[in-house]
Amino acid sequence: MRKLVVLAALAALVLPASAAKRITVAQLEQTLTAEVSAHRDDADVALKIGQLELSERLTGATLDRLAAKLPLGPRTALALQLVADQSAFLDPPAGELPATQAPDAATQQQMIDAARAYAVKTWSRLPDFFVTRTTNRFDNTPQVLRQGDWPVRLGLHPVGSVTRQVTFRDGKEVQDATASATAGNAATPQELGLRSWGEFGPALTVVLADMAKQKVTFSHWEVTPGGLAAVYRYEVPREASHYAVTFTYLSETVIGRTQFGYSGRQRTAQQVANIPRTKDVQTYSESPAYQGEIAIDPATGAVLRLTIEADLGSGDPLQRAATMIEYGPVTLGDRRSICPMRSLAISLEPVGLIGCGSSSPMAQNGVGDNAAWENMRGQCGDGSVILVNETNF
């Protein structure tokens, strides 16, 4: 399944998405089975899947089962993966939850204490190693289908891939300052959108420390790739937060007054594209209140899954900032350890004045010619831009 997603990303396939229809995982499987059985074209099936929104989490186990059961084309595989990514912060279907009785209060506290102890001991005792960190980026910004046409919103599509090397040395995570872009804009291989960070220790230890004196409640038992897990929900207020939300974007600024000699609504897409402007990489960072779930192995205290959703206000440049990290067993030298396997960073950004055909908010500074942008906004549409960064280690 993962190989299909990577191949589809490298091919830069376009996945449409309009008003999403909210359905269950069972309904998704029925829809997918019917489409494949009818021998629909790969692009048509991807179109239909891309318009769906799940009310439950599409787990990795179910995703792999569907891939093994049905002959999925690369576009459909990518559409299915992106639907799963967006459902990552929901609970699995009730039928996938084990019928295990909730632990008593003392046992619940013991598991949380075991998770704190495990995190401290594990990260400090890991051997030195390095790992390749690959982030595939997707967003639903407007695209130009044919030269000279206005950009149109066609849903989530690949916009680039960035690879970095992470070194774990003396119990600390060190990211290589250099990065290579394997797709998208090779000249600027920044991880645009919400950046996940600290998967090898810092993110987990920060959350465990912040939630120590906060509200933590047992939610349910869950089956993960690492085994049975006790899932807790937690909330951390702003005054106790040490979790940093970091968002990187391209800011596009008009640098001079334009003189075309005709009104903005008569301009073509090419003429608007030629308006002089500059692009700068901007970074927003803050430590807001946040909440999420933490899944703990009851036998060892190992954390198997962590979600973090920031509580953002109206004055923030983002409408949503959510991160998920999945942990699993890996072999380091002669030792078996629990390490990050995959992470997601999903953000929702107000459109404002979007630069059509790019993934950048546009600042309108000193233009003196608002009509130039009114036409473009009408073509691009209003709403929000979804950015999905999918990272594998």
Side-chain angles (χ1 to χ4, degrees), residues 1-3 5-6 59-61 63-64 81 85 88 110-136 161-180 182 189 191 195-211 222-232 242-244 246 292-308 323-345 389-393:
M1 183 68 185
R2 298 287 189 262
K3 291 182 179 179
V5 172
V6 172
T59 62
L63 196 62
D64 291 340
Q81 178 67 65
D85 287 349
Q110 288 173 4
M111 286 190 286
I112 293 176
D113 293 340
R116 292 196 182 98
Y118 185 92
V120 172
K121 293 178 182 178
T122 297
W123 302 116
S124 62
R125 295 179 181 177
L126 283 178
D128 293 350
F129 63 90
F130 67 88
V131 63
T132 300
R133 183 183 196 275
T134 300
T135 299
N136 294 317
S161 181
V162 177
T163 298
R164 292 181 184 272
Q165 181 172 294
V166 177
T167 302
F168 194 87
R169 185 186 307 116
D170 298 328
K172 296 181 180 179
E173 175 183 336
V174 181
Q175 285 198 30
D176 190 342
T178 61
S180 60
T182 56
E191 293 181 37
R195 291 207 307 263
S196 60
W197 60 271
E199 287 92 345
F200 286 86
L204 177 58
T205 53
V206 164
V207 171
L208 287 170
D210 282 355
M211 62 183 266
E222 193 172 302
V223 177
T224 74
L228 184 68
V231 180
Y232 294 79
H242 295 88
Y243 184 78
T246 303
E293 291 186 344
I294 183 169
I296 302 171
D297 183 337
T300 65
V303 173
L304 303 176
R305 189 171 185 273
L306 177 68
T307 68
I308 306 168
T323 302
M324 185 276 296
I325 307 173
E326 291 178 346
Y327 302 83
V330 297
T331 301
L332 300 173
D334 58 353
R335 189 184 310 176
R336 193 80 164 165
S337 302
I338 300 294
C339 287
M341 306 294 289
R342 180 173 178 265
S343 69
L344 284 174
N389 282 358
E390 183 185 80
T391 300
N392 292 284
F393 299 94

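All heavy atoms count here, side chains included; hydrogens, waters and symmetry mates do not.
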Handout entry: Arg169 versus Asp128, closest heavy-atom pair with distance
Key = CA-OD1, 3.4 Å
Completion exercise
Of all heavy-atom pairs linking Leu208 and Met211, the shortest is O-CG, 3.5 Å
Exercise for the section: Mark yes or no for whether Thr307, through its side chain, and Gly292, through its backbone, hold a donor-acceptor pair below 3.5 Å. Expected result: no
Practice task
Give the ring-plane orientation class for Phe200 versus Phe393, where under 30° counts as parallel, over 60° as perpendicular and anything between as tilted.
Solution key: perpendicular
Completion exercise
CG (Leu228) and CG (Asp297) are apart, to the nearest 0.5 Å, by 8.0 Å
Problem - Considering all heavy atoms, the nearest Thr300-Tyr118 contact - result: O-CD1, 3.4 Å
Problem - Any donor-acceptor N/O pair, Asn136 side chain to Glu390 backbone, under 3.5 Å - result: no
Fill in the blank from the handout: Residues at least two apart in sequence or cross-chain that pass side chain to side chain donor-acceptor pair (under 3.5 Å) with Ser343, listed by chain then number, are Ser196, Glu199
Handout entry: Nearest non-hydrogen partners of Ala88 and Leu344, listed with the distance
Key = CB-CD1, 3.7 Å
Problem - With Arg116 via salt bridge (Lys or Arg N to Asp or Glu O under 4.0 Å) - residues at least two apart - result: Asp113
Exercise for the section: For Thr224, check side-chain contact (heavy atoms from CB on, under 4.5 Å) against everything at least two apart and list the hits. Expected result: Glu222, Ala229, Leu304
Completion exercise
The side-chain contact (heavy atoms from CB on, under 4.5 Å) partners of Ala230 (sequence neighbours excluded) come to Met111, Phe218, Trp221, Tyr232
Practice task
Mind checking salt bridge (Lys or Arg N to Asp or Glu O under 4.0 Å) for Asp85 and listing every partner two or more places apart, or none if nothing turns up?
Solution key: Arg342
Anything under 3.5 Å between a donor and an acceptor, one on a side chain of residues 331-341, the other on a protein residue two or more places apart or in another chain? List them.
unit_1, atom_1, unit_2, atom_2, d
Thr331, OG1, Arg336, NH1, 3.0
Arg335, NH1, Arg125, O, 2.4

